[in-house]
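Working notes, structure below.
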Amino acid sequence: MGAPKQRWTSEEEAALRAGIARHGVGKWRTILKDPEFSSTLCYRSNVDLKDKWRNMNVIVSTSSSRDKAKSALKRIRTIPKNNEHTMAITRVTSDIDDEIVDEKPIVSLPSEAKNTSSSKKSHRLDNIIMEAIKNLNEPTGSHRTTIANYIEEQYWPPSDFDHLLSAKLKDLSTSGKLIKMA
DNA sequence: ATAGGGGTAACA
DNA sequence: TGTTACCCCTAT
């Protein structure tokens with residue numbers, strides 16, 4: 001008799017997404033050991049995380065198509081293999097680990113900008129960025145790569161998203177909507 | 001340890 | 001009914 005069944009709470013899902021944003025997809029054990037998430041995910045195993053992530057990426061079957069197949073089989077989002085733009089996801093963690101490469105613009109929210117309800121429902125990139133940083137909730141600010149990873153997990157940004165994000169981050173910090181940490 | 005195919009009881 | 005949390009298995 002296994003566990004009765006505990007449905008995932010929104011807190012747990014948020015912790016999982018944030019954990020993936022920090023450590024990358026597939027680093028389930030690392031996410032579990034992260035003191036930031038271990039408390040909320042303490043009842044979950046690394047396999048649970050893997051399975052949950054799989055369930056979260058299921059395409060809702062609108063049944064509009066003639067699905068003669070078994071109903072329990074669902075389609076996973078087909079990840080477009082954009083030629084040279086290979087895996088942004090797996091690249092991020094190594095960037096953080098190595099801590100090499102160019103400037104690391106760390107960005108943080110002004111203390112006033114935590115107003116969740118004020119931002120419109122619009123999915124303008126600005127709002128997405130702000131939401132990402134807010135949800136990441138990293139006290140020391142967030143790396144550009146961490147932000148990019150987080151956003152890429154939730155939306156489906158264009159292939160040149162890295163460049164877009166960099167430009168937008170610069171705008172936001174110049175206009176004072178974001179604080180650039182040294 | 002992780003990825004992924006596949007199954008199923010227990011949910012809504 | 002369709003969805004989903006959990007399980008089992010195999011390959012890497």
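Numbered from 1 within each chain, the chains take letters A, B, ... in sequence-line order.
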Inset, instruction - Respond yes when some side-chain nitrogen or oxygen of A/W28 is under 4.0 Å from OP1 or OP2 of B/dA3, and no when none is. - result: yes
Legend entry - Set of residues satisfying side-chain hydrogen bond (donor to acceptor under 3.5 Å, both in side chains) with respect to A/K168, sequence neighbours excluded: none
Legend entry - Protein-nucleotide distance (A/M56, atom CE; C/dT3, atom P), rounded to Å: 16 Å
Inset, instruction - Determine whether the side chains of A/T174 and A/D171 contain a donor N or O and an acceptor N or O closer than 3.5 Å. - result: no
Legend entry - Protein-nucleotide distance (A/D51, atom CG; B/dT8, atom P), rounded to Å: 16 Å
Inset, instruction - Apply the side chain to side chain contact (heavy atoms under 4.5 Å, CB included) test between A/T9 and each candidate in A/E13, A/E11, A/Q6; give the one that qualifies. - result: A/E11
Could you run down the sub-3.5 Å N/O contacts of the protein with nucleotides 9-12 of chain B?
from, atom 1, to, atom 2, distance (Å)
B/dA10, N3, A/K5, NZ, 3.2

Legend entry - Interatomic distance, A/L49 CG vs B/dA1 P [rounded to whole Å]: 13 Å
Inset, instruction - Assign A/K52 to base, sugar-phosphate, or nothing according to its heavy-atom contacts below 4.0 angstrom with the strands shown. - result: sugar-phosphate
Legend entry - Between P of C/dC9 and CZ of A/R54, the distance in whole Å: 15 Å
Inset, instruction - Rounded to the nearest 0.5 Å, what's the gap from CG on A/L172 to CG on A/L125? Could you check? - result: 8.0 Å
Tabulate protein N/O versus nucleotide N/O from nucleotides 10-12 of chain C, keeping only pairs under 3.5 Å, one per line.
none

Inset, instruction - Could you state the atom-to-atom distance from CG of A/N46 to C1' of C/dC6 in whole Å? - result: 13 Å
Inset, instruction - Please state how far atom CH2 in A/W8 lies from atom C1' in C/dT3, giving the value in whole angstrom units. - result: 16 Å
Inset, instruction - Please state how far atom OH in A/Y43 lies from atom C1' in C/dA5, giving the value in whole angstrom units. - result: 17 Å
Legend entry - A/W28 side chain near A/L41 side chain, heavy-atom distance below 4.5 Å: no
Inset, instruction - Could you state the atom-to-atom distance from CD of A/E13 to P of C/dT3 in whole Å? - result: 16 Å
Legend entry - Exam field: side chain A/D34 to backbone A/I31, donor-acceptor pair closer than 3.5 Å: no
Legend entry - DNA chain C: 5'-proximal contact among A/N55 and A/K50 (nearest heavy atom): A/N55
Inset, instruction - List the atom of A/L32, the atom of A/S38, and the distance in Å for their closest heavy-atom pair. - result: O-CB, 3.2 Å
Legend entry - Lys/Arg cation over aromatic A/W8: A/R44, 6.0 Å, 45° cone: yes
Legend entry - Validation row: A/R22, A/E36 side chains within 4.5 angstrom (heavy atoms): yes
